[in-house]
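Worksheet for the structure shown next.
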Amino acid sequence: METIPVPTGTYAPGGTTNAYLVENALVDPAGRTDDLDRAVADREVDHVLVTHAHPDHVGGVAHYAAACDATVWARAGRERRFADATGVDPDRTFRDGTRVGPLSVVETPGHAPDHVALQYDDAVLTGDLVVAEGSVVVAGKRPASDDDHAAAGDGDLRVYLTSLRRLYARNPRVLYPGHGPAIDDPRAQLRRLLDHRLAREARVRDAVYGGARTLAEVTDAAYDKDLAGVRGLAEATVAAHLEKLDVEGSVSWNGRRAVPADSKR
């Protein structure tokens, strides 16, 4: 397996997305680069697929699919989302357990509704499910009037936590994330991310019960650091927490105002 970092302007540290060549499969070709051209030229690529259709993972799909005359795959039921993001209609679709060349699909939604991980022997390509440092953006919906510099707002935090637990139960040897270095202590990092989310959730809930009502107020109370340059991402994250707490019945959140669940809006 070969890892080729592709510059994408992502918020992730380093500003790159990892493309992976796994035997005859190309995963997450985020854009066309000389390094990826050379790597692809050295082997026969029969399959092109992505872990999810966010812009920083799909920019090279059309080029490499055509250049390699490869089969293009997308998540079943999400074909239109894939085509809109890549400009390519998929040839085939996959679901949980589908084999794509040497890879086996593991459904891991949450960061995005179409998100999957890809198992290769005792390793897993995790897309944006896991990172070695920091945390993954799981973006909830922000009020339409806000200046939106965040992700698309298509995250689901409850589902994301389930996906983390599902991967934890599989106990792989190593993880290859969409951004940053390989992770050789998967369970420790998965536990770190779970603990981080639950701690943030407690701060969001405490903020609401402490009197914060708007998304901005809850965000200010839930974070204890300067949010300059990342405020949109922080607010989208808090929105995802509020959506989860609303579904679970501990907070009432209508998309603009949060109150404790036993209070009137």
Side-chain angles (χ1 to χ4, degrees), residues 1-10 12 14-109 111-131 152 172 174-183:
M1 183 167 66
E2 186 174 358
T3 307
I4 304 95
V6 177
T8 56
T10 174
T16 62
T17 299
N18 293 329
Y20 290 99
L21 279 162
V22 188
E23 297 182 17
N24 63 342
L26 174 59
V27 179
D28 284 353
R32 185 183 180 186
T33 68
D34 290 344
D35 286 345
L36 190 50
D37 280 353
R38 283 191 289 269
V40 167
D42 287 342
R43 68 182 71 201
E44 184 173 343
V45 174
D46 297 321
H47 308 281
V48 174
L49 66 160
V50 299
T51 55
H52 61 296
H54 278 169
D56 60 330
H57 288 254
V58 303
V61 168
H63 169 76
Y64 290 109
C68 301
D69 192 24
T71 299
V72 178
W73 294 76
R75 169 67 175 85
R78 303 288 182 177
E79 297 92 336
R80 179 48 49 199
R81 175 184 175 91
F82 178 89
D84 288 346
T86 64
V88 179
D89 289 323
D91 301 306
R92 298 187 65 182
T93 61
F94 53 67
R95 299 179 183 274
D96 190 62
T98 301
R99 294 287 302 187
V100 180
L103 304 166
S104 180
V105 174
V106 182
E107 290 195 359
T108 53
H111 172 74
D114 59 336
H115 196 286
V116 299
L118 301 162
Q119 183 137 10
Y120 176 61
D121 293 333
D122 57 355
V124 178
L125 283 62
T126 63
D128 284 356
L129 180 67
V130 184
V131 287
V174 61
L175 305 178
Y176 292 97
H179 308 281
I183 296 169

Item to check | Residue pair V124, V106: steps toward the side-chain contact (heavy atoms from CB on, under 4.5 Å) verdict | outcome: CA-CA 9 Å; V124 178; V106 182; 5.6 Å; no
Item to check | Least distance between heavy atoms, T10 atom then G15 atom | outcome: CG2-C, 3.6 Å
Item to check | Heavy-atom side-chain contact between F82 and D114 under 4.5 Å | outcome: no
Checklist entry - Who are the salt bridge (charged side-chain N to carboxylate O under 4.0 Å, His left out) partners of R99, not counting sequence neighbours? => result none
Checklist entry - Under 3.5 Å, is there a donor-acceptor pair linking the side chains of H57 and T17? => result no
Next on the checklist: Measuring only between side-chain heavy atoms, which start at C-beta, is R32 closer than 4.5 Å to D37?
Outcome noted: yes
Checklist entry - What are the two closest heavy atoms between Y64 and G31, and how far apart are they? => result CE1-O, 3.7 Å
Checklist entry - Under 3.5 Å, side chain of T108 to main-chain N/O of A117, donor-acceptor pair present? => result yes
Checklist entry - Do R95 and T98 have side-chain heavy atoms sitting under 4.5 Å apart? => result yes
Item to check | Under-4.0 Å salt bridge between D42 and R38 | outcome: no
Checklist entry - Quick one: does V105's side chain get under 4.5 Å of V100's, heavy atoms only? => result yes
Item to check | Criterion side-chain contact (heavy atoms from CB on, under 4.5 Å) on L36 and L26, from CA distance to verdict | outcome: CA-CA 10 Å; L36 190 50; L26 174 59; 4.2 Å; yes
Checklist entry - Between P102 and N24, is any pair of side-chain heavy atoms under 4.5 Å apart? => result yes
Next on the checklist: Is there a side-chain contact between V48 and C68 in this structure, where contact means two heavy atoms from C-beta onward sitting under 4.5 Å apart?
Outcome noted: no
Item to check | Exercise: identify the closest heavy-atom pair between V6 and A19 | outcome: CG2-CB, 4.2 Å
Checklist entry - Considering all heavy atoms of both residues, which atom of R81 and which atom of P113 are nearest to each other, and what is their separation? => result NH2-CD, 3.7 Å
Checklist entry - Between N18 (side chain) and G180 (backbone), is there a donor-acceptor pair under 3.5 Å? => result yes
Checklist entry - Tell me, do V27 and T51 make a side-chain contact under 4.5 Å, heavy atoms counted? => result yes
Next on the checklist: If you define the side chain from C-beta out and look only at heavy atoms, does anything of Y20 sit under 4.5 Å from L118?
Outcome noted: no
Item to check | Counterpart residues, side-chain contact (heavy atoms from CB on, under 4.5 Å), relative to E2 (two or more places apart) | outcome: I4, L21, A39, R43
Next on the checklist: Would the distance check show the side chain of D56 and the main-chain N or O of T8 forming a donor-acceptor pair, the cut-off being under 3.5 Å?
Outcome noted: no
Checklist entry - Can a donor-acceptor pair be found between the side chains of H54 and D128 at a distance below 3.5 Å? => result no
